[in-house]
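Report on the structure given below.
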Amino acid sequence: MSKPNKQVVTPQLVTDSQTAIVAQNLCFTYNAKSPFSKQALNNITLNIKKGEFVAVVGHTGSGKTTFVQHLNALIRVQSGELRVLEHNLSQKKVDLKLLRKQVGMVFQYPEYQLFADSVLDDVCFGLKNFGLKDKAEREALAEEAIGLVGLDFKEVKNKSPFDLSGGEKRRVALAGVLAMKPQILVMDEPTAGLDPRGKREILSLVSSLNKEQGITVVMVSHDMNEVYENADRIIVFRDGQIAYDTTPRDLFRNEEDIVSMNLEIPHMAKFANELERNGYIIPDNCKTVEQTFEAVMRLKGGE
Amino acid sequence: MLKDVTFGQYYPSNSFVHKMDARIKLLLCLVFMVGIFFVQSFVVFGFITVFLIILIASSRVPLKSILKSIKGIIVLLLLTVVLNIFFTKGDPEKDKLLVSWWIFEIWDAGLYFAAKMFLRLVYLVMGSSVLTLTTTPVDLTHAIESLLKPLKVIRVPVHELALIMSLTLSFIPSLMEETDRIINAQKARGADFDTGGLVKRAKAFIPILIPLLVGGFRRAEELANAMNSRCYEGATKRTQMRVMKLTWRDLVGTLVVLLFFVTVFVIFGMKSQWINANVDWLYINDVNWLYF
Amino acid sequence: MDIITLDNVSYYYKTYDENNDVSYAVGVEGVSLSIEEGAFVALVGHNGSGKSTLAKLLNGLILPKSGTVTVAGLSTADKKNLFEIRKNVGMVFQNPDNQMVASIVEEDVAFGPENLGIPQPEIVERVSQALEQVGMTEYAKRSPHKLSGGQKQRIAIAGALAIRPKVIVFDESTAMLDPLGRREVLNVAKQLNKQGMTVVLITHFMEEVLDCGKVVVMSGGHVVKIGSPMEIFDDDRLLSSVGLDAPRSIALSRKLKSAGFNVTENCIDAKVLGGEVCQNLTNK
């Protein structure tokens, strides 16, 4: 159980209609020509299909933010191949406007980027930038997005974003990205700084966007419990490389290696591992407290 | 992106210059900067060059860092040189007109003037960057606060000004990072800073400026709370951990600088008799080479 | 001996309602609380429950509308007391970046003692001692900017320690940190408490309060319950009703216990819990 087990999903550069993101030998060095150069990405190869919920984790400085910022071309490809939907990001010319409409990115503490006079204006910012000229159409999309994040459109639309609470501000920022109806949603620690209820609400929103609307989700997070319960797949970055690319349950069986990377083992994974060590199997898809409890009851009942 | 701008930042080392008292360095730097503008001849520039070489060598900072600071004023330099070359009118009696075309005239005096202006600016920047590279921002602000103390008598809020300076300095890195973050966040929403006319581009910065301003106020409030919590009550009764002591280095440094400048100004500043005397060896092509 | 006492304290925030009329939102209301010297007290609640308001009331950053806050016998309402009060109550805030006053670590830590007018040689001693207590001695001459969040918070703690307070309040100091940083800060907090410092930990992570002697649960500006960590977890509906979560391992252990398993109640270690469950299953 302690031997590092790298289970990598075989990457294919050939993109079919089901591929969202493909990277092959992606490398990136900051300040390449100066004495302060730092290699942030070292041969990253991965393949993410449409509709997947992928969590990207790793210690601070492991390269995960650098990688994720390649996805909407905030960082241009230095070396290697990267394809996102129909865009080839290794080429010089990329349709940035279309790309950024299809790949919505939510940064950490997104509430700090709000600027407009009214919530409505802020949410419509992206829509305006992407060329939607019809005001009524913009408002309709904004209304939809604001409703999606759990806010009352009529109540907030004319309020100044700065008059809202922290949690509300974050939802407005999220709505601003969702209004563009992206196909891929990239989020950097979407629950950072929220209290448990706030975390649950954001995660269930993201989960439903993924499961019900088929949006591909790439979520960077430090919270292993969160990641364990919500992601279909976890990619672990370590020192600029991919250390693991596998399912949550499989990943956390490598307890020693995970801890050595300063990552924590989720409670339910620790529990399931201990049971496994003693010959009791909890199904891989039991991740929450509820599911684990029921699985244990079934084990009890089965004997 | 913005993070790459080096601000004439401190380069740690144990050199002679590093260990000098910040107040002395500041004063000498000011003397240097003022003095540079009085320099008239290339010969004197030669002396200054020697001085700078000694200074940079004894500060042990890499030449690269010094040159980097010049990069910042490249535009100003080019502008100055070009304007002076083309628009300085020489004295028809003393100087030679080299080229004339339309409204542009290039005099040899213009060339010399442009060259001297170039040197002045470059040496100015180099001299002051040696100061910032060998002195931590903290020491600099302490030095400024200390030197301005006498102004307290006429009610100048010296301590508060020094505090504003040091706080600003310590927040510059995180402000730059935040600016980067905000720019990226708005870019991700389709904001375009590269295309469009002047007005459009200016408008495009509103989504950057407002969050920065709001963030700035928030920071300020949090910082004020932190400072109050640590018993900050203004300048009254405050002591300081950093003690600035003058050492032999400061004496040596001051003497060296004074030696250079006094010598130079004595020789060239005063119209002393033996310089203006018609001594043959002072003149080449009828020009007193000391003043060239 | 109580070092801090709150007696029926209320505080309201001025706000504007839909018609742009002035209205008041509850920060805290009718809060009565006492903190003993040397205690390790946790203040938990959802965002907006009043815990940050309470933090600022503890050292007079804000003054109560009604009721009194007394620190070491002094009331925060009297302006003349504030200096003395703040010498006794150190604060570490949430944002690691926005507490830095200087661009060199030891200068930042020295800020507090400098404000107190401590003679220079003693400042140097206090700074080095404070840095040692938080394990950041080798960073004394460095710039805080390039440090990790956990390291920055430790420097903020050192800055508070240099004043030699009787109490340190951690106002959600771990909220913006990664798990490693959070552990660093909590370890320092626990260690300080072991050395006799009164520690008030304000948080919404229930995992952090397990070593605390007393947990104060807040919601909507009111104190809802005060008890030991185990007493809090034993009250089944409480945490979820105030928007908090019990650590998952504890939640599972309680469920299993109710279902008849012979396991440690409120077990924080999932591995231990697993072992006990296996024993249960094997022995059935």
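Numbered from 1 within each chain, the chains take letters A, B, ... in sequence-line order.
Counting heavy-atom neighbours within 6.0 Å of A/K128 NZ, excluding the residue itself, gives a total of 12 or less. Environment of CD in B/E221: sparse, with no more than 12 heavy atoms of neighbouring residues, nucleotides or ligands closer than 6.0 Å. For A/K97, the NZ atom sits in a packed shell: over 12 heavy atoms of surrounding residues, nucleotides or ligands are nearer than 6.0 Å. B/L198 CG: 12 or fewer foreign heavy atoms inside a 6.0 Å radius.
The closest donor-acceptor contact from the side chain of A/N72 to the backbone of B/A188 lies at 3.5 Å or more, if one exists at all.
Heavy atoms of B/D192 lying under 4.5 Å from chain A belong exclusively to its side chain. Neither the backbone nor the side chain of A/Y30 has a heavy atom closer than 4.5 Å to any heavy atom of chain B. The contact between A/Q69 and chain B is made entirely by side chain atoms (from C-beta outward), counting heavy-atom distances below 4.5 Å.
In this structure, CZ in B/R218 is found 10.0 Å from CZ in A/F162, a value given to the nearest 0.5 Å. The CD1 atom of B/I210 lies 7.0 Å from the CG atom of A/D117; values are rounded to the nearest 0.5 Å.
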Subject >> side chain to side chain contact (heavy atoms under 4.5 Å, CB included) between B/Q186 and A/F115, intermediate numbers included >> reply: CA-CA 10 Å; B/Q186 310 300 28; A/F115 68 94; 3.7 Å; yes
**OP:** Take A/Y112 and B/R181 through the test side chain to side chain contact (heavy atoms under 4.5 Å, CB included) and record every step on the way to the result.
**Re:** CA-CA 10 Å; A/Y112 292 162; B/R181 252 198 304 260; over 6 Å; no
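Of the charged side-chain nitrogens involved, at least one lies within less than 4.0 Å of a carboxylate oxygen, so that A/D122 and B/R189 count as a salt-bridged pair.
Ranked by heavy-atom pairs under 4.5 Å with chain A, the list B/I182, B/L212, B/I206, B/N184 is led by B/N184.
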